[in-house]
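Following: one structure in structure tokens, then a few remarks.
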Amino acid sequence: MPLGEFDLIDRFFRRPVRRSPLGIGDDCALLAPAPGQQLAVSCDLLVEGRHFLSTVAPQRLGHKALAVNLSDLAACGARPLAYTLALSMPRVDADFLAGLAAGLHALADAHDLDLVGGDTTAGPLSLCITVFGEVPPGAALLRSGARPGDEIWVSHPVGGGLGDARLALEVFRGTLALPGEAFEQVRRAMELPQPRVALGLMLRGVASAAIDLSDGLLGDLRHVLRRSGAALAQRDGGTAGDGVDALGATLQVDTLPRSAVLAAQTDDWQLRCLLTGGDDYELLFTAPCAARGLVERAGQRSGVALRRIGRIDSAPGLRLCDAAGRPIAFEGQAFDHFRA
Ligand code: ADP
Ligand code: MG
């Protein structure tokens, strides 16, 4: 007999909770943030064919679905507490579910968070995860805190860089070819992103603004400029809408971290992957120059490589320049699900 809804939940998803008073099996889960902490909540929906390919191994799919959510907590400097999983799938496939659950549970264990509930239904394959984290009041990293003169930083894998996930996507699309070993490396970047949770925690009180790179560096940096510009304009007596032109940035393109695989591609592909790649799940953040030492210590203590890539300006617009300060032209856009 095929597995029913409740059998599959029991078999693959019910586990003892470690940090939550009540997990799977009741109508609600119960969460217990430490006294005085705020709850940080984020939700991400992954749809087959749009956010992941049908070729992905179930274990990697489980990892990535949770990783992209943890990355949002990381960007806010929140400590993970628990998550829920809403799952729709065309049929019950025990091998698929075992792989998916293994990927989810391994990453959850690594970050000490409980799967406390969810929903399961038949339908096209999609996963929706909501994560809950905790953060002391006033300590959350926001997109709105960047100020003129702040330096712009990005995290990256030790020995790697940004843009590899996009490179892998282009190989899947057939627009680029890579030798087997290089392809496996960038495919890992696409399918097994590492959420920078420890770094996010260490950037509390150090970074002025932060965001995780999901849609591509330029688009995500623009979000920071817009939110921070609006916050500045409001503080100066304007309305939030006045902030669109209140801030700009200069990026030094040569400093953008890139893997050996990406560095072997044409200049055009490198720029496209670095600036508009998406799916990096690294942290982009700003900090005053005076905090440089604290930033570097945060990177060392969290085991993540950091690179200083530019500066926030009071002149509106995004400027790209080379090592000598000469402007670089680039027309690419950030990833947009309704335009892609
Ligand atoms: P209800 O109908 O009251 O919403 P369900 O019958 O759908 O509850 O689910 C039973 C229990 O199993 C609930 O505690 C729910 O949170 C949990 N659950 C359902 N699906 C999942 C899933 N995919 N992962 C984890 N927990 C799940
Ligand atoms: Mg239900």
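Remember, it's 1-based here, ligands and their atoms both numbered in the order they're listed.
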* To do: If a pair satisfies side chain to side chain donor-acceptor pair (under 3.5 Å) and one of its residues is in residues 76-103, list it, with sequence neighbours excluded.
  => Ser88-Ser126

* Structure fact -> Near Asp27 (heavy-atom distance under 4.0 Å), the atoms of ligand 1 are 3 (O)

* Can we say Asp10 and Arg15 salt-bridge, meaning some charged N sits less than 4.0 Å from an Asp/Glu carboxylate O? -> no

* To do: Kindly check if the number of other-residue, nucleotide or ligand heavy atoms within 6.0 Å of CZ (Arg188) is above 12?
  => no

* To do: Could you list which atoms of ligand 1 come closer than 4.0 Å to a heavy atom of Phe6?
  => 6 (O)

* Determine, using ring centers only, whether Phe172 and Phe183 are less than 6.0 Å apart. => yes

* Return the set of residues passing ring-ring contact (aromatic ring centres under 6.0 Å, His included) with Phe6 (not counting sequence neighbours), or none when no residue passes. => none

* Structure fact -> Within 4.0 Å of some non-hydrogen atom of Thr120, the atoms of ligand 1 are 19 (C), 20 (N), 21 (C), 22 (C), 23 (N)

* To do: Report yes if Gly118 has an N/O atom closer than 3.5 Å to an N/O atom of ligand 1; otherwise report no.
  => yes

* Structure fact -> Asp119 heavy atoms within 4.0 Å reach ligand 1 at atoms 7 (O), 19 (C), 20 (N), 21 (C), 23 (N)

* Residue part near ligand 1, for Asp26, under 4.0 Å between non-hydrogen atoms -> backbone

